[in-house]
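Nothing here was measured: the structure is a model prediction, and the numbers come from that model.
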Amino acid sequence: MTVFEDRREAGRALAQAVAAHGPVEPMVMALPRGGVPVGYEVADSLKCPLDVLLVRKLGLPGQPELAMGAIAEGGIVIRNHDVIDLADVGKAEFDAVAAAEAQILGTHVSRFRDPHPPIAPAGHTVLIVDDGLATGSTALAGVAAMHHKGALEVWVCVPVAPQETVAKMAEVADRVVVLSTPRPFLAVGVWYRNFAQTSDEEVRSLLANSRLR
């Protein structure tokens with residue numbers, strides 16, 4: 001089973017796998033924070049634009065680590081009906097969590113992107129990149145957002161993910177590129193020797209460096 005040294009190493013390996021599929025007019029949309037170091041390496045290798053894809057997981061009340069859905073820029077809302085039904089979450093309760101996360105999403109726009117406008121995905125093969133997937137709720141929201149904004153194709157590209165999540169992604173994305181699908185999966189961080197939290201400053205620095213290429 002593959003264990004990556006850190007996100008940058010994983011990104012370089014992922015870049016080779018993505019390049020082998022020959023994406024047309026690629027651009028990388030990385031999920032902050034941890035997806036940005038991975039996405040930077042992919043964008044650097046492919047010589048293509050890098051931007052952040054701003055999404056927020058909607059955590060189950062009382063169990064915030066369990067996703068009952070996700071939101072993305074542009075008013076995209078994804079619901080995990082299995083979790084919602086199992087936990088008996090009502091519409092008002094769901095909407096309250098979504099509204100709170102939407103406020104946080106708004107702060108992330110100014111934190112990570114201002115003063116630069118978002119890169120338009122129309123005509124591009126959008127590569128949604130993260131350091132790994134667990135349930136995949138945020139990536140699903142990202143796929144919907146990029147299709148909504150007119151992307152030529154939307155690919156989900158990650159170093160590691162469970163097989164069942166990969167199958168779920170394949171139903172909505174045009175292509176899924178994953179380096180490792182370990183079983184048991186456990187958690188994304190298990191498959192990195194260095195999984196230190198990515199800071200806001202590192203995200204901003206990588207985005208700035210990418211714009212200078």
Side-chain angles (χ1 to χ4, degrees), residues 1-21 23 26 28-46 50-60 63-72 78 80 83 108 112 126-146 154-200 202-203 206-207:
M1 294 183 184
T2 303
V3 177
F4 303 100
E5 184 61 37
D6 56 21
R7 292 179 178 90
R8 301 293 288 271
E9 181 197 67
R12 290 189 289 271
L14 184 61
Q16 294 182 2
V18 172
H21 293 288
V28 172
M29 296 294 284
L31 296 174
R33 299 177 180 83
V36 177
V38 182
Y40 179 85
E41 297 295 337
V42 176
D44 185 59
S45 178
L46 298 179
L50 169 69
D51 201 353
V52 284
L53 178 56
L54 298 176
V55 296
R56 291 291 297 178
K57 179 177 72 174
L58 303 181
L60 188 68
Q63 290 181 269
E65 73 285 351
L66 182 58
M68 63 176 180
I71 59 173
I78 298 295
N80 186 332
V83 173
H108 284 185
F112 296 132
V126 173
L127 311 175
I128 295 177
V129 175
D130 203 353
D131 51 16
L133 300 176
T135 65
S137 292
T138 50
L140 286 172
V143 171
M146 292 299 97
V154 181
W155 297 11
V156 175
C157 308
V158 294
V160 61
Q163 293 176 3
E164 55 271 23
T165 300
V166 173
K168 183 165 56 177
M169 288 296 146
E171 294 177 0
V172 297
D174 294 286
R175 185 182 293 273
V176 181
V177 181
V178 183
L179 301 181
S180 179
T181 55
R183 188 182 294 273
F185 177 72
L186 302 176
V188 172
V190 171
W191 307 106
Y192 287 84
R193 293 186 180 90
N194 179 357
F195 198 64
Q197 182 172 327
T198 303
S199 67
D200 290 354
E202 183 178 358
V203 170
L206 290 171
L207 291 173

Report task. Please report the shortest heavy-atom distance between Ala15 and Glu41, naming the atom on each side. Result -> CB-O, 4.1 Å
Query raised in the report: Do you know the tightest heavy-atom contact between Lys57 and Glu65?
Result: NZ-O, 3.1 Å
Query - side chain to side chain contact (heavy atoms under 4.5 Å, CB included) evaluation trace for Leu179 with Phe4 - result: CA-CA 11 Å; Leu179 301 181; Phe4 303 100; 3.9 Å; yes
Query - Residue pair Ile78 / Ala141: nearest heavy atoms and the distance that separates them - result: CG1-CA, 3.4 Å
Report task. Could you tell me which non-hydrogen atom of Asp130 sits nearest to which non-hydrogen atom of Gly34, and how far apart they are? Result -> OD1-C, 4.1 Å
Report task. Quick one: pull up CG in Leu14 and CD in Glu9 and give me the separation to the nearest 0.5 Å. Result -> 12.0 Å
Query raised in the report: So, do Leu140 and Met169 sit near enough that their side-chain heavy atoms are less than 4.5 Å apart?
Result: yes
Query raised in the report: Say you draw a straight line from CG of Leu66 to CE of Met68; how long is it, rounded to the nearest 0.5 Å?
Result: 9.5 Å
**Report entry** Euclidean distance, Leu207 CG relative to Tyr40 OH, rounded to 0.5 Å
**Finding:** 10.0 Å
Query raised in the report: For the residue pair Val156 and Ala173, what are the closest heavy atoms and their distance?
Result: CG2-CB, 3.9 Å
Query raised in the report: Are any side-chain N or O atoms of Arg7 and backbone N or O atoms of Ala196, one a donor and one an acceptor, separated by less than 3.5 Å?
Result: yes
**Report entry** Partners passing side chain to side chain donor-acceptor pair (under 3.5 Å) against Arg12 (at least two apart in sequence or in another chain)
**Finding:** none
Report task. Measure the shortest side-chain to side-chain distance between Pro37 and Thr198 over non-hydrogen atoms and say whether it is less than 4.5 angstrom. Result -> yes
Query raised in the report: Within the side chain of Tyr192, is there an N or O that forms a donor-acceptor pair under 3.5 Å with the backbone of Ala10?
Result: no
Report summary line: Shortest non-hydrogen pair, Phe195 vs Gly189, comes out as CD2-CA, 3.5 Å
Report task. Please tell me if the side chains of Leu206 and Arg8 come closer than 4.5 Å, counting only heavy atoms from C-beta onward. Result -> yes
**Report entry** Spacing of OG1 belonging to Thr181 relative to CH2 belonging to Trp191, to within rounding of 0.5 Å
**Finding:** 10.0 Å
**Report entry** Set of residues satisfying salt bridge (charged side-chain N to carboxylate O under 4.0 Å, His left out) with respect to Asp174, sequence neighbours excluded
**Finding:** none
Requested in this report: May I have the step-by-step check of side chain to side chain contact (heavy atoms under 4.5 Å, CB included) for Val160 and Thr2, ending in yes or no?
Outcome: CA-CA 9 Å; Val160 61; Thr2 303; over 6 Å; no
Report task. Just do the side chain to side chain contact (heavy atoms under 4.5 Å, CB included) check on Glu164 and Arg183 with the steps written out, would you? Result -> CA-CA 10 Å; Glu164 55 271 23; Arg183 188 182 294 273; 4.1 Å; yes
**Report entry** Inter-residue atom distance Asn80.CG - Lys168.NZ, 0.5 Å rounding
**Finding:** 6.0 Å
**Report entry** CG on Leu53 to OG1 on Thr138, rounded to 0.5 Å
**Finding:** 8.5 Å
Query raised in the report: What's the verdict on side chain to side chain contact (heavy atoms under 4.5 Å, CB included) for Arg33 and Phe112, showing C-alpha distance, side-chain angles and the deciding distance?
Result: CA-CA 10 Å; Arg33 299 177 180 83; Phe112 296 132; 4.1 Å; yes
